[in-house]
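Per chain, numbering begins at 1; letters A, B, ... match sequence-line order. Given the structure is predicted, the values throughout are model-derived calculations rather than measurements.
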Amino acid sequence: MGKKITKRSEDYSIWYNDIVKEAELAEHSAVKGCMVIKPYGFALWENIQTELNLRFKETGHQNAYFPLFVPKSFLSKEAAHVEGFAKECAVVTHYRLKSSADGKEVVVDPEAKLEEELIVRPTSETIIWNTYKNWIQSYRDLPLLINQWANIVRWEMRTRLFLRTTEFLWQEGHTAHASKQEAIDESKLILDLYADFAENFLAIPVHKGLKSINERFAGAIDTYCIEALMQDGKSLQAGTSHFLGQNFAKAFDVKFQTKEGKQELVWATSWGVSTRLIGGLIMTHSDDLGLVLPPSIAPIKVVIVPIYKSEDERVVVNDVAERIVNELKALKISAKYDQDDNKKPGWKFAEYELKGIPLRIGIGPKDVKNNSVELFRRDTLAKELVSADNIGEYISKLLPEIQQNIFNKALKFREDNTHYANTYDELKSLIDSNAGFIWANWDGTTETELKIKEETKATIRFIPLDEEKIEGKCIYSAKPAKHKVVFAKAY
RNA sequence: CGGGGUGUAGCGCAGUCCGGUUAGCGCACCUGCUUUGGGAGCAGGGGGUCGGAGGUUCGAAUCCUCUCACCCCGACCA
């Protein structure tokens, strides 16, 4: 009975869709390629926002908001940038509708054509740098450290809930600096921030790295990324941070006066994470029973399910449950006490497992008699009877332990699914068997990268940052290797 | 854009090949009673332009033509 989740081993894609749907995170909307994020899914995004805002503000950034629409001419000011996005832009051409001749529907009013088309932002560099030109005059205005939370539209051919949708939510940071080094430092600071956030808040182990020229952001000098391994052996780019050099400063003529009175172009960065993180969260931790959430991000960390037969029993159980709820509330642990009498305990157990709630407390008459409660851990599926005394304290110690266990599990999975290829044949067979991250020597050329992509469908996910001198030959070209990099199929 | 699939109640489906009572089943929903330690039971009840348009026919969910939408797999993609 009830909801069923397709097993991962049966069909990983359908498993993912089942989780998103059955845990009520999101659903397909009436608009092709766009999703409705449901309250439980949006709660995850809100928690991501809260945590990132804290971290952004600690590092001196401020939030602001820029327009949804970008004049077409802005987008074309940076050549590489426009080329990268042109194929997936939604364009606004008119500003008015009118009734059709027969009065039965509305049609676009041909009289209301815009003089200049507006692009629905695929990213905001251009509109923001056009604005920064007015904000920056002197070195005293720098650094300028701005973030915005916004929706983005990229007209993708094929979409998947959270992982790639036509419209999605993200944050995009855009900073301006007086020196090259300062901008590079900023892009790396954010990279570290993202990695720490992914690992310690989302419990997703990530590699920090540099993207190859082929994979980097359109308009960037360097693109850094955090890259995570999903349970099906595919890699997910979970966040990016770009050193933009002076490309956008040149395109939008953003200069500042130095202490010495000279005019110089500013140096830029941009960086972002999106609702895609929720997809990564699902695919990193969840199992065949449903969603598994690390306590940090779980909107509800503890759910309390009362068990009773008679009204007398209900009252006795309720007393204990209320006491525990208050205890948890006092400790700022978000808890839900499910008093719904229309659902049986068994139903609730299954439902909250599906929704990934880290801890469940069951309280029945037997427990009241023994001054105990039944504590169920979603991550290990283990049940234990614990004393009802100081349960809040017990739980506040247990939650970080669960968080750590979930992270360790994901880390172990990544280690078990990381391999080294010494030959191209090895690489091919590892990729074919969805083996995960595969380290291999690469000669550093785009040509080689593209050949390998064409032949194996795997791409270079990142070049490690703290790389030592590489010896040996490229597994493809046999030329001297420039880097040891990670290959994988990617989302 | 290619290949595959699906549109019938809020959700999941049967019925379609071979046209024919009042379009059915499960879940969910409403009412009542009994239940409640792993997705409760019984009884009663409400809910449908069968994706849309045209056609064939005495009669269409079912046959024909056109069309729309969505999903999956590719191609594509920060």
Side-chain angles (χ1 to χ4, degrees), chain A residues 1-6 11-14 16-18 21-22 24 27-35 80-81 83-89 122-123 125 152 154-161 163-166 168 170 172 210-220 222-227 235-242 270-274 276 289-290 305-311 313-314 317 338-354 360-370 372-374 376 381 383 385 453-454 457 459-462 490-491:
Chain A
M1 292 301 143
K3 298 166 176 175
K4 57 176 195 303
I5 306 279
T6 302
D11 191 321
Y12 193 81
S13 283
I14 297 178
Y16 175 81
N17 289 342
D18 284 350
K21 191 171 126 198
E22 301 298 348
E24 301 184 284
E27 63 189 32
H28 292 283
S29 71
V31 185
K32 184 183 166 75
C34 293
M35 62 178 165
H81 189 67
E83 200 191 322
F85 286 105
K87 282 176 289 180
E88 48 190 22
C89 286
T123 180
E125 273 77 7
I152 290 294
R154 293 179 190 174
W155 218 264
E156 302 287 355
M157 288 187 198
R158 203 176 142 215
T159 58
R160 301 199 62 192
L161 293 172
L163 297 171
R164 172 170 287 112
T165 44
T166 299
F168 58 95
W170 79 348
E172 49 180 326
L210 180 68
K211 283 293 184 192
S212 66
I213 291 169
N214 184 53
E215 295 277 330
R216 80 182 171 203
F217 175 73
D222 283 320
T223 288
Y224 301 100
C225 63
I226 52 170
E227 203 76 22
S235 180
L236 183 82
Q237 178 175 302
T240 51
S241 178
H242 316 290
S270 69
W271 28 273
V273 299
S274 73
R276 175 177 245 211
L289 295 176
V305 177
I307 299 145
Y308 52 83
K309 290 194 175 91
S310 62
E311 174 62 13
E313 284 182 352
R314 194 194 65 78
V317 166
D338 187 347
Q339 300 188 66
D340 187 348
D341 196 39
N342 289 318
K343 302 272 192 276
K344 287 180 68 177
W347 189 92
K348 294 177 185 176
F349 294 168
E351 183 67 12
Y352 293 121
E353 279 158 28
L354 182 55
R360 181 183 76 228
I361 296 175
I363 310 170
K366 286 182 220 160
D367 297 307
V368 176
K369 206 173 291 171
N370 302 327
S372 65
V373 300
E374 183 189 83
F376 171 86
L381 304 177
K383 281 180 198 169
L385 282 173
K453 181 180 177 183
E454 200 185 310
K457 307 237 152 89
T459 50
I460 294 172
R461 300 321 302 157
F462 63 91
Y491 274 98

- Message: Give me the distance, rounded to whole Å, that separates B:G15 from B:A23 when you measure between the C1' atoms they each carry.
- Response: 8 Å
- Provide the closest heavy-atom pair for A:Cys34 versus A:Thr166 in the form atom of the first, atom of the second, distance. SG-CB, 4.0 Å
- Query: Would a distance-only check, ignoring hydrogens and angles, find a side-chain to backbone donor-acceptor pair under 3.5 Å from A:Arg154 to A:Pro122?
  - Reply: yes
- From the list B:G39, B:U36, B:C70, which nucleotide is the closest neighbour of the side chain of A:Lys32? B:C70
- With respect to the phosphate group of B:G37, does any side-chain polar atom (N or O) of A:Lys344 fall under 4.0 Å of OP1 or OP2? yes
- Task: Could you check whether A:Arg164 gets within reach of a base, just the sugar-phosphate, or nothing at all, counting any heavy atom under 4.0 Å?
- Result: base
- Query: If we only count heavy atoms from C-beta on, is the A:Tyr308 to A:Asp341 side-chain gap below 4.5 Å?
  - Reply: yes
- Item | Pair of N/O donor and acceptor under 3.5 Å linking B:C77 base with A:Arg154 side chain | no
- Task: Return the value, rounded to whole Å, for the distance between atom CG of A:Asp340 and atom P of B:A28.
- Result: 13 Å
- Is the Lys NZ or Arg CZ of A:Arg160 less than 6.0 Å from the centre of A:Tyr491's six-membered ring, within 45° of the axis? no
- Item | Six-ring centre of A:Phe376, A:Arg360 cation under 6.0 angstrom, axis tolerance 45° | yes
- Query: Mapping A:Gln237 and A:Asp11 onto RNA chain B by nearest heavy atom, which one lands closer to the 5' end?
  - Reply: A:Asp11
- Task: Could you work out the separation of B:G46 and B:G10 based on their C1' atoms and round it to a whole Å?
- Result: 13 Å
- Query: When all nucleic acid strands are considered with a 4.0 Å heavy-atom cut-off, which category describes A:Phe376: base, sugar-phosphate, or nothing?
  - Reply: base
- Classify the nucleic acid contact of A:Arg360 as base, sugar-phosphate or nothing, counting any heavy atom under 4.0 Å across all strands shown. base
- Closest to the side chain of A:Thr159, out of B:A75, B:U35, B:C71, is B:C71
- Query: Is it true that the NZ or CZ of A:Lys344 lies under 6.0 Å from the centre of A:Trp347's six-membered ring and within 45 degrees of the ring axis?
  - Reply: no
- In whole angstrom, give me the gap between the P atoms of B:G41 and B:G3. 47 Å
- Task: Compare side-chain N and O positions of A:Asn17 against OP1 and OP2 of B:C72 and report whether any pair is under 4.0 Å apart.
- Result: yes
- Please, what dot-bracket string fits RNA chain B when only Watson-Crick and G-U pairs with both distances under 3.5 Å count, crossing ones use [ ] and pairs to another strand use |? ((((((((.[[[[.)....(...]]]].((((((.....)))))).....[[[[[..)....]]]]])))))))....
- Query: Rounded to whole angstrom units, what separation is found between the CD1 atom of A:Ile363 and the P atom of B:U36?
  - Reply: 18 Å
- Query: Base, sugar-phosphate, or nothing for A:Glu313, non-hydrogen atoms under 4.0 angstrom?
  - Reply: nothing
- Could you check how far CG of A:Asn342 sits from C1' of B:G32, rounded to whole Å? 13 Å
- Task: Please state whether the base of B:G37 and the side chain of A:Lys309 form at least one donor-acceptor pair under 3.5 Å?
- Result: no
- Quick one: label A:Ser310 by what it contacts on the DNA or RNA (base, sugar-phosphate, nothing), any heavy atom closer than 4.0 Å. nothing
- Task: Counting heavy atoms from C-beta on, name the nucleotide in B:G38, B:G39, B:U36 closest to the side chain of A:Asp341.
- Result: B:U36
- Query: Any side-chain heavy-atom pair from A:Thr240 and A:Cys225 closer than 4.5 angstrom?
  - Reply: yes
- Item | Side-chain ion pair, A:Glu351 and A:Lys348, N-O less than 4.0 Å | no
- Separation of B:G12 P from A:Glu22 CD (nearest whole Å): 10 Å
- Query: Would you say A:Lys457 reaches B:A75's phosphate, i.e. side-chain N/O to OP1/OP2 under 4.0 Å?
  - Reply: yes
- Query: Looking only at atom P, what distance separates B:U62 and B:G19, rounded to whole Å?
  - Reply: 12 Å
- Side-chain donor or acceptor of A:Glu353 under 3.5 Å from a matching atom on the base of B:G38? yes
- Taking atom P in both B:C11 and B:U67, what distance in whole Å separates the two? 27 Å
- Checking B:C29, B:G37, B:G12 against the side chain of A:Lys343 (C-beta onward), the nearest is B:C29
- Nearest heavy-atom pair of A:Lys211 and A:Arg461: which atoms, and what distance? NZ-O, 2.8 Å
- Heavy atoms of A:Phe349 and A:Ile307 approach each other most closely as CZ-CD1, 4.1 Å
- Note on the structure: Regarding the side chain of A:Phe349, the nearest nucleotide among B:G39, B:G38, B:C71 is B:G38
- Do the side chains of A:His28 and A:Leu161 get nearer than 4.5 Å, heavy atoms only? yes
- Using the P atom on both, measure B:C63 against B:G20 and round to a whole Å. 10 Å
- Message: Expressed as a whole number of angstroms, how long is the span from A:Tyr308:OH to B:U36:P?
- Response: 11 Å
- Query: Taking the side chain of A:Lys453 as heavy atoms from C-beta outward, which of B:C77, B:C29, B:C72 is closest to it?
  - Reply: B:C77
- Consider the side chain of A:Pro365, meaning its heavy atoms from C-beta on, and name the nucleotide among B:G37, B:G12, B:C72 that approaches it most closely. B:G37
- Distance, rounded to the nearest Å, where A:Glu156 contributes CD and B:G74 contributes P: 16 Å
- Where the side chain of A:Ala350 is concerned, which of B:G37, B:G38, B:C77 is the nearest nucleotide? B:G38
- Contact nearer the 5' end of RNA chain B, comparing A:Lys348 with A:Pro306: A:Pro306
- Euclidean distance, atom CG of residue A:Asn214 to atom C1' of B:C77 [Å, nearest integer]: 11 Å
- Query: Rounding to the closest angstrom, what is the interatomic distance between B:C64 and B:U6 at atom P?
  - Reply: 15 Å
- Message: Heavy atoms from C-beta onward define the side chain here; which of B:G12, B:C71, B:U36 lies closest to that of A:Ile307?
- Response: B:U36
- Query: To the nearest Å, how far apart are A:Glu311 CD and B:U36 C1'?
  - Reply: 13 Å
- Distance between the C1' atoms of B:G5 and B:G45, in whole angstroms? 37 Å
- Side chain of A:Met157 - closest among B:C77, B:C71, B:C76: B:C76
